[in-house]
Every structure is written in structure tokens, then in C-alpha cells.
Protein chains: 2
Amino acid sequence: MKYKTLENPEYDEAYELITEALRKKATIVMYTNCKVLYEGRALSELDWGERIILIKPDGSFLIHQDKKVEPVNWQPPKSKTRAFIKNQQLFLESHRRTPKELLTVELDNIQFINYALIEDYEELEQAGYEKDMGDMIMENPHIIEEGFKPTYREYSVEHGFIDILGKDHENNLMILELKSRKAGVSAVKQLKRYISDFDESDNEELHQCKSEKKKIRGLLVAPTIDEDAKELIEEEGIEFVSVNPPKELKRDKKITLDAFN
Amino acid sequence: MKYKTLENPEYDEAYELITEALRKKATIVMYTNCKVLYEGRALSELDWGERIILIKPDGSFLIHQDKKVEPVNWQPPKSKTRAFIKNQQLFLESHRRTPKELLTVELDNIQFINYALIEDYEELEQAGYEKDMGDMIMENPHIIEEGFKPTYREYSVEHGFIDILGKDHENNLMILELKSRKAGVSAVKQLKRYISDFDESDNEELHQCKSEKKKIRGLLVAPTIDEDAKELIEEEGIEFVSVNPPKELKRDKKITLDAFN
DNA sequence: CAGTGAATTTCGGTC
DNA sequence: GACCGAAGTTCACTG
């Protein structure tokens, strides 16, 4: 049988069903009154109330209240779940090894339990992120400006990585910091840091640049920047280039490319 | 009636139930085959597969696959959900105003739908965070060292806030940066920045400190630090004090305090 | 394993 | 509504 449901089960019936579901690595959905205790990286307690509990075959354990996107309590994948009965009360326990974390749920008045062997073989196709932006710029450097030649991706410096390093048409060095969302002051500061890191570093690119008496240009590349970032950019002599992250799914891209082959 | 369930409903039955549930501001749980399209800050597409859908009375909309703690697609609270039928297919649509985001779900082969008017009046009680650590240190400064006198909490400087500002028994200035988890290099850098911000600022504390020829001590306060942070701290002349965040629920604390009154 | 950084981060605070 | 920072962040990726 692919799935099973119990409505208003007794605690012993519920115990049997949950244990069976866990053994079968099924996905369990419950709607029940419960009380929750969490002890691990932090500590929390949630008194009696009706919640939705989701237990996944990968060990993920979620407890949702009727508000918020985030679960009120949870355990990550690979956690071990078990059900047990104590003093004629049903408990669920989810245990994580490192870091040691324990989630204990006391159940009462279960409205329903459903378990199912989920069939889902799809993965999310997505686009519109910093990485997509970087790919796009490496493929079409002119988006930044005419004559821009990217030379390195993820160029390592003291405090992190320069997203894209390159040169303009006059061979001035260009340091690009990409943001796929609106950039704030923190992005400008990050870029500033990379520039000074680079300027203080001992590397071929820099030596060549200095021997040719070229400039180092810092560019913040993002869809937009907020007002404070705008001011800071002008003070710091940094340039801003507005680029939107490509919102094109890989599959679409592939089809498009295939069409050209 | 407090809750309703349908197993293997036809699309029109499902439509009726969902519309009724949305009108009643109920919490909806579904287990169904579906296909998902998201367009907003990013873009994503998820092909047909069985998933669990959760729609909350606050407008939150979650789609869970059988893996991970995070939903594969979602909309935040205050989103508006509606159901509609097109070409004898049932769709769910969740719409957010700012930023404009749209989640569209095509449903097929619904295994079950449940809606319920959830009764939950409890909020999570929790402890073990940075704020708790700060509270604890303000109340018991000797945790840091004998003679430590905290003077300011969240003291504003150029690039942020100094968690705790104070003086040692010799009236040297102490700048504390708190972390409730293992501190890394980034925390040391943050502290360094606050120290230099403070040193470059124009304020009473600093003038007094300099006129008395006192030192400025930087302290990183966290349960532990990683190896890289350890090295950096020694280089930079910053001190590390190991403090664990208090794992004590407010209610417990209140009871403890009451017991002493 | 630990460490780094992005995320449709979410969420709560303040301005 | 924008901005800022914490979070049991989670997650993917690297060494």
C-alpha cells in the first residue's frame, strides 16, 4: 500500500502507524496537539498547542505552527526519529549526533496521521543568482563596458575572493564585486576591502599593472544600490554598473543553445 | 466543524474545499502530485512530483519535497492565495505584492486535503543566544574578569555597534564582541574594526581614556574560537574569553528568581 | 569533519 | 517601507 491515514487514533494505534512508517522510510504528516522540548545548540520549550508535524525519509523533522514560513522547531536531515510510549502518552524523539541535539515531542489528541512513500524525482531548476550573473558576464563581458576583458573568476585575496578580475580597453585593472540583489553599504565595503587586499598583495597582475602605471578600478555590479551605498561609492571612487541577474532556466538556455547548433 | 478531510478528491471537489478553507482562514495540508512555477526575486520551475503543501492562515505557503528542512518553494506571510480551474485542471496561486512574487502550482492526483482551524496560543520560549549572553555579562561582569565594569551596551560606532563597552580594574577601556557560537576569523575582524572605529572617533570615553594614558583592550567573548581565529587574535593583540551562552528559559529564570523573593 | 559564503535567506528590531 | 544584524540559520562546496 502506498499510503495510510488514521483519523483521531488512540495513542497505541498512532504508535504502531508511526513506527511502521519510520521503518518503511515513508514521509509522515501529522496534525496534532503537542508539546515540544528542544535541547542542543540552544534550548527551547513550546507548550501545548495544535501543530503540523512533518517527518521526511531523509531524517528531517519539522514542526509548524499556523504562522511563519519557518518551522517553530525542527531537526536537520540524517536525524534519527523514534516513537515511544511513556505513562500512556505518545512521544516522538528526533536525535542528531553532531552537534548533539535532541527534539522531544509529547503528543495528545492526534487529529490525523498520514504516511506515504513519496514519488518525486525532480529537482528545482532555478536562475537569477549571483553565479548566473557571473556566468553571464564571463560570456558577455561587454555588458560591463565595451572592451572589458575578464581574466579571473573567484580570484583569491587575503579576506576572500574577488568575484571577477579583468582589464578595461586601456589595460587598467578592474575588480568586480557582484550582487544579485540590491547592493548596500556592506557590498561597497567588501569591494573596498578586496581592492586594498589586492593592492597590498604580491602578485603578477599587480606588478604588471604598476609597472605600466595603470589604475585599479573597483566596480560594484548589481541590479540597484541603496542611497547610502550610492553616496559611499562616490566618496570612494568606486563605479557602479547596473546589471540584472539573468532569469533564464538552464533548460531554456540549453534549448536555446541547441537551437543554434 | 473544526476540520475536514478529503481523500482522492476530484479536482472540482478539491477546488470547493480549498476555497472554503481559504475563506475560513484555516490551515491547509495537502499531499498531492504537482508542478510548480515561481517568479519573483529569482525564477524557478519544478516538474511533476508528489509533494506536501502547507497553506497557513497568515498567508504563508510552503511546498515540501521528501528531503531537506527547507521548502523547495514558498511564499512568505501576507501572501494572497487563490485556487482556480483552467482546462479542467486545478491550480493554486500565491501572490506577494512587494517585492512582486508569484507562485503557481498545478495540481493533479490529489491524495488528500485537510483543513483545520488550528488552536495554538503558545509562543516558543528560548534561550542560548547572543542577547542572553549580553544580559548575563551585564548582570555578572565578573564572568569576564574580576573588576570588569560594563558601561555601555550596543555602543554605536562608525561601522556598527560595540556589544559591550566597559573598563577594567585599572580603568583601561574594554571593547567586547560577543558571539553565542564558535567564533571565526570574521568575528575577530569585526572586533578589530570596532576598535579602530572607536579609536578614530571623537567621544568623551576616548578622550578620558587617552588623557589618563590608558589602554584599549579588545575582547572576543564566545564559547570557543576556531584555529584561524586563535592565530589572528594573537597577532592582533586581542584577548579571548570563553563564555557559554546561558541555556536557561525565561520562565525557569523567573521561577528561580521568585524562589529567592 | 570544519570553514566559507550565498540565500526567493527569514525574522525581528529600529528608524 | 527600508535598513541592519542575528539565526538552533540551512545549504552547497571546498579542503
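Nothing here was measured: the structure is a model prediction, and the numbers come from that model. Convention: sequence-line order gives letters A, B, ...; per-chain numbering from 1.
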Run the side chain to side chain contact (heavy atoms under 4.5 Å, CB included) check on Arg181(B) and Tyr129(B) step by step: do they pass?
-> CA-CA 8 Å; Arg181(B) 315 279 166 236; Tyr129(B) 304 94; 3.8 Å; yes
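- As rounded to whole Å, 14 Å separates atom P of dT9(C) from atom CG of Leu124(A).
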Full working for side chain to side chain contact (heavy atoms under 4.5 Å, CB included) between Ile225(B) and Val188(B) = CA-CA 10 Å; Ile225(B) 49 173; Val188(B) 185; 5.9 Å; no
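- Rounded to an integer number of Å, the gap from Gln65(A) CD to dC11(C) P is 12 Å.
- The CG atom of Leu232(B) lies 7.0 Å from the CD1 atom of Ile238(B); values are rounded to the nearest 0.5 Å.
- In this structure, Arg153(B) pairs ionically with Asp135(B), as a charged nitrogen and a carboxylate oxygen lie closer than 4.0 Å.
- The CD-C1' distance, from Glu154(A) to dA12(D), rounds to 13 Å in whole Å.
- Contact detail for Leu43(B) and Lys247(A): the closest heavy-atom pair is CD2-O, 3.3 Å.
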Expected rows: protein N/O vs nucleotides 9-11 of chain D N/O, under 3.5 Å:
residue, atom, partner, partner atom, Å
dT9(D), OP1, Arg41(A), NH1, 3.3
dT9(D), OP2, Arg181(B), NE, 2.5
dT10(D), OP1, Arg41(A), NH2, 3.0
dT10(D), OP1, Trp74(A), NE1, 2.9
dT10(D), OP2, Arg41(A), NH1, 3.1
dC11(D), OP1, Val69(B), N, 2.9
dC11(D), OP1, Glu70(B), N, 3.1

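- Rounded to a whole angstrom, the distance from the P atom of dC4(D) to that of dG8(D) is 22 Å.
- Below the 3.5 angstrom threshold, one finds no donor paired with an acceptor across the side chain of Gln126(B) and the base of dG8(D).
- Here the closest heavy-atom approach between residue Trp48(B) and residue Lys35(B) is recorded as NE1-CD, 3.5 Å.
- dT14(D) and dT8(C) have their C1' atoms separated by 25 Å, given to the nearest Å.
- If you measure from atom NZ of Lys131(A) to atom P of dT8(C), you get 14 Å, rounded to the nearest angstrom.
- One atom, CG of Leu43(A), and another, P of dG8(D), lie 12 Å apart when rounded to the nearest Å.
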Give me the distances for all protein-to-nucleotides 1-5 of chain C N/O pairs that come in under 3.5 Å?
none

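- Between the CD1 atom of Ile143(B) and the OG atom of Ser242(B) there is a distance of 11.5 Å, given to the nearest 0.5 Å.
- Across every non-hydrogen atom of Ile175(A) and Ile162(A), the tightest pair is CG2-CG2, 3.6 Å.
- One can place NZ of Lys230(A) at 15 Å from P of dA2(D), the figure rounded to the nearest angstrom.
- Per the geometry, NZ belonging to Lys189(A) stands 14 Å off P belonging to dC3(D), to the nearest Å.
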Derivation of the side chain to side chain contact (heavy atoms under 4.5 Å, CB included) call for Val36(A) and Val72(A) = CA-CA 10 Å; Val36(A) 188; Val72(A) 64; 5.9 Å; no
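- Rounded to a whole Å, the CZ atom of Arg153(B) is 14 Å from the P atom of dG13(C).
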